[in-house]
Asks: 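Let me begin by handing over the structure; questions about it come next.
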Amino acid sequence: MTLKDPKIGNLQTTQESPIMTSDTNKELKNRIKDISLQVLERNYKLYKALENK
């Protein structure tokens, strides 16, 4: 007797939907770019604050 775990899905269902990447989604690409610039700016401000101590 084998028990099937209902949490484990069929592998076919996970492979059917395409993977969303920044290459295929321009809105996602712009969002990633905006967040990256915000992080870069925040890190620079923290660096300058530490440098002035």
Asks: Identify, with sequence neighbours excluded, every residue that meets side-chain contact (heavy atoms from CB on, under 4.5 Å) alongside Ile35.
Replies: Arg31, Val39

Asks: Taking only residues two or more places apart in sequence or in another chain, which ones pass salt bridge (charged side-chain N to carboxylate O under 4.0 Å, His left out) with Lys45?
Replies: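 For Lys45 the salt bridge (charged side-chain N to carboxylate O under 4.0 Å, His left out) partners, ignoring immediate neighbours, are Glu41.
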
Asks: Once side-chain contact (heavy atoms from CB on, under 4.5 Å) is applied, do any residues pair with Asn30, and if so which ones, sequence neighbours excluded?
Replies: none

Asks: Residues two or more places apart in sequence or in another chain: which of them pass side chain to side chain donor-acceptor pair (under 3.5 Å) with Lys48?
Replies: Glu51

Asks: I'd like to check the side-chain contact (heavy atoms from CB on, under 4.5 Å) partners of Ser36; sequence neighbours left out, ordered by chain and number.
Replies: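 Ser36: side-chain contact (heavy atoms from CB on, under 4.5 Å) contacts with Ile32.
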
Asks: I need the Ile19 CD1 to Asn25 CG distance, nearest 0.5 Å.
Replies: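 Result: 13.5 Å between the selected atoms.
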
Asks: Can you tell me how far the NZ atom of Lys29 sits from the CG atom of Asp23, to the nearest 0.5 Å?
Replies: 6.5 Å

Asks: Going by side-chain contact (heavy atoms from CB on, under 4.5 Å), name the residues that satisfy it together with Gln38, two or more places apart in sequence or in a different chain.
Replies: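 Testing Gln38 for side-chain contact (heavy atoms from CB on, under 4.5 Å), a comparison that skips the adjacent residues, returns Arg42.
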
